[in-house]
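Please read the structure below before turning to the comments.
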Protein chains: 2
Amino acid sequence: MMNLELDFRSGVPIYLQVVERIKERIADGRLKPGDQLPTVRALAQELRINFNTVARAYRILDEAGVISTQQGRGTYILEMPPPEVSAEIRRRAVRALIQRALIEAERMGASPDEFVDFVNEQVRRWKENGRLQPIEFEEGV
Amino acid sequence: MMNLELDFRSGVPIYLQVVERIKERIADGRLKPGDQLPTVRALAQELRINFNTVARAYRILDEAGVISTQQGRGTYILEMPPPEVSAEIRRRAVRALIQRALIEAERMGASPDEFVDFVNEQVRRWKENGRLQPIEFEEGV
DNA sequence: TGTACAATTGTATAATTGTATTATTGTACT
DNA sequence: AGTACAATAATACAATTATACAATTGTACA
């Protein structure tokens, strides 16, 4: 039971109100990292609104990096709200990340140049699109 | 312990991620013909997912002729992994590997240029030494 | 041996979860 | 009135989980 208070007469869209109420709950600590939010249908029933409206609010929070919504599983408050990762910590983490990728690539038999080529290829797309999207896989081999 | 890395936020279905991770393990030789994979329940527990999701991944690999699943017995890497465990599969595996690293780096707040810088820095060492060595980290922040 | 039975394995199906697409409703503006 | 647009709802769908089941293996005991 979330007990979010909505104002249907305010003219503010419901989905935005839901977004704000949840942000408040996180800000004041009533929602903590790892907590599971109600399912879109459960919260919709509680608020007497359509579950798509809740889904829309969740999607906005997801894109803002506040929560993680996972089809078939649920939605959760994220562990690490993005901004406050300090520069130094981040640099180390990225270095370690790349190191692991390099070691795996080497194990797969990739050459350093091949690796760099792929990186450049994908970084170019990253810069062009402004954001990254997962590669798609076929079901077959 | 398989230590497969999943990304629950990527939007790529878990079962497909499991398929790809296992293909990579076969491609780079960490899984060899005859090896037994973890049981669906064991792998599910390790990955904190439902065992039916693992079963779905195994079924796809089975239908692709990569593994053999036997009710009541277990699942095994087939003696003759289909031919395409070769250049093309490896390229795709390396691409996917880099993609995952990029997505994680982006989430950590790294810029494309910063990422490329680190890659070049480490690849240079790779070329010089002829091999890779893990980075050492100091304690504390 | 062999037989009964529990434990362990993968399988099948339904229920639950979020997602995508389309239709409906409401509101502001001409 | 009419039109355009945003918000909400309806519907169908895909991913994951829950539950019950079937096949195989291991083990105890006659």
Side-chain angles (χ1 to χ4, degrees), chain A residues 1-2 4 6-22 31 34-78 133-140, chain B residues 2 4-22 31 34-78:
Chain A
M1 204 56 162
M2 292 281 284
L4 302 189
L6 301 184
D7 183 347
F8 291 94
R9 288 178 296 179
S10 67
V12 178
I14 308 287
Y15 72 94
L16 285 181
Q17 292 189 44
V18 173
V19 167
E20 289 309 314
R21 293 299 88 74
I22 291 178
L31 285 175
D35 284 355
Q36 176 167 17
L37 290 171
T39 68
V40 290
R41 285 173 178 80
L43 184 52
Q45 184 175 33
E46 177 188 335
L47 300 176
R48 320 277 192 147
I49 59 181
N50 188 274
F51 70 86
N52 287 289
T53 304
V54 177
R56 185 168 179 180
Y58 280 8
R59 182 159 44 77
I60 289 173
L61 289 165
D62 185 293
E63 286 167 358
V66 175
I67 65 176
S68 167
T69 69
Q70 298 162 25
Q71 185 168 350
R73 310 193 82 201
T75 71
Y76 302 85
I77 308 289
L78 278 182
Q133 283 192 337
I135 296 181
E136 289 147 31
F137 301 108
E138 310 95 44
E139 292 235 344
Chain B
M2 291 282 283
L4 302 189
E5 288 180 17
L6 300 185
D7 185 347
F8 290 96
R9 295 172 59 194
S10 67
V12 178
I14 310 276
Y15 71 93
L16 285 181
Q17 292 189 44
V18 172
V19 167
E20 290 303 317
R21 292 300 88 75
I22 291 178
L31 285 174
D35 284 354
Q36 177 168 17
L37 288 172
T39 68
V40 290
R41 285 172 179 80
L43 184 52
Q45 184 176 33
E46 178 187 334
L47 300 176
R48 320 273 197 143
I49 59 180
N50 189 274
F51 68 84
N52 285 290
T53 304
V54 176
R56 184 168 180 183
Y58 281 8
R59 183 160 46 76
I60 288 172
L61 288 165
D62 185 291
E63 287 166 358
V66 176
I67 66 177
S68 165
T69 70
Q70 300 159 26
Q71 184 167 348
R73 293 175 49 79
T75 70
Y76 301 86
I77 308 290
L78 279 183

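So that the names make sense, note that chain A is the first sequence line, chain B the second, and so on, each numbered from 1. Predicted model, so just to flag it, every value in this text is computed and none were measured.
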Atom pair distance, as rounded to whole Å: [atom1] in [X] and [atom2] in [N]:
{"X": "Leu16(B)", "N": "dA15(D)", "atom1": "CG", "atom2": "P", "value": "7 Å"}
{"X": "Asn50(A)", "N": "dG26(C)", "atom1": "CG", "atom2": "P", "value": "14 Å"}
{"X": "Arg48(B)", "N": "dT16(D)", "atom1": "CZ", "atom2": "C1'", "value": "17 Å"}
{"X": "Ile14(B)", "N": "dT19(C)", "atom1": "CD1", "atom2": "P", "value": "13 Å"}
{"X": "Leu43(A)", "N": "dT16(C)", "atom1": "CG", "atom2": "P", "value": "18 Å"}

Can you see if the side chain of [X] gets near the phosphate of [N] - specifically, an N or O under 4.0 Å from OP1 or OP2?
{"X": "Thr53(A)", "N": "dA7(D)", "result": "no"}
{"X": "Arg56(A)", "N": "dA7(D)", "result": "yes"}
{"X": "Tyr15(B)", "N": "dT16(D)", "result": "no"}

Considering only nitrogen or oxygen atoms on both sides, find all protein atoms under 3.5 Å from nucleotides 6-10 of chain C and state each distance.
residue, atom, partner, partner atom, Å
dT9(C), O2, Gly72(B), N, 3.1
dG10(C), OP2, Val40(B), N, 2.9
dG10(C), N7, Arg41(B), NH1, 2.8
dG10(C), O6, Arg41(B), NH2, 2.8
dG10(C), N2, Gln71(B), NE2, 3.3

Checklist entry - What residues, two or more places apart in sequence or in another chain, satisfy side chain to side chain donor-acceptor pair (under 3.5 Å) together with Tyr15(A)? => result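 Tyr15(A) satisfies side chain to side chain donor-acceptor pair (under 3.5 Å) with Arg56(A) once adjacent residues are dropped.
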Next on the checklist: Once side chain to side chain donor-acceptor pair (under 3.5 Å) is applied, do any residues pair with Gln17(A), and if so which ones, sequence neighbours excluded?
Outcome noted: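 With neighbours one apart ignored, the set is Ser10(A).
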Tabulate below the donor-acceptor pairs under 3.5 Å that side-chain atoms of residues 47-55 of chain B make, not counting sequence neighbours, or state none.
residue, atom, partner, partner atom, Å
Asn50(B), OD1, Asn52(B), N, 2.8
Asn50(B), OD1, Asn52(B), ND2, 2.9

Under 3.5 Å, side-chain donor or acceptor atoms of residues 34-41 of chain A against the rest of the protein: list the pairs with distances, not counting sequence neighbours.
residue, atom, partner, partner atom, Å
Asp35(A), OD2, Lys32(A), N, 2.8
Thr39(A), OG1, Ala42(A), N, 2.9

Item to check | base_contact_polar (dA20(C) base, Asn52(A) side chain, donor-acceptor, <3.5 Å) | outcome: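 Per atom types, the contact qualifies.
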Checklist entry - Which part of the nucleic acid, if any, lies within reach of Arg59(B) when heavy atoms closer than 4.0 Å are counted: base, sugar-phosphate only, or nothing? => result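 Here Arg59(B) touches no strand at all.
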Checklist entry - Between atom CD1 of Ile67(A) and atom OH of Tyr58(A), what is the distance when rounded to the nearest 0.5 Å? => result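 If I round to the nearest 0.5 Å, the distance is 6.5 Å.
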Next on the checklist: Going by the rule side-chain contact (heavy atoms from CB on, under 4.5 Å), which residues pair with Ser68(A) if we only count those two or more places apart in sequence or in a different chain?
Outcome noted: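 If we apply the side-chain contact (heavy atoms from CB on, under 4.5 Å) test to Ser68(A), skipping adjacent residues, the hits are Gln70(A), Leu78(A), Arg9(B).
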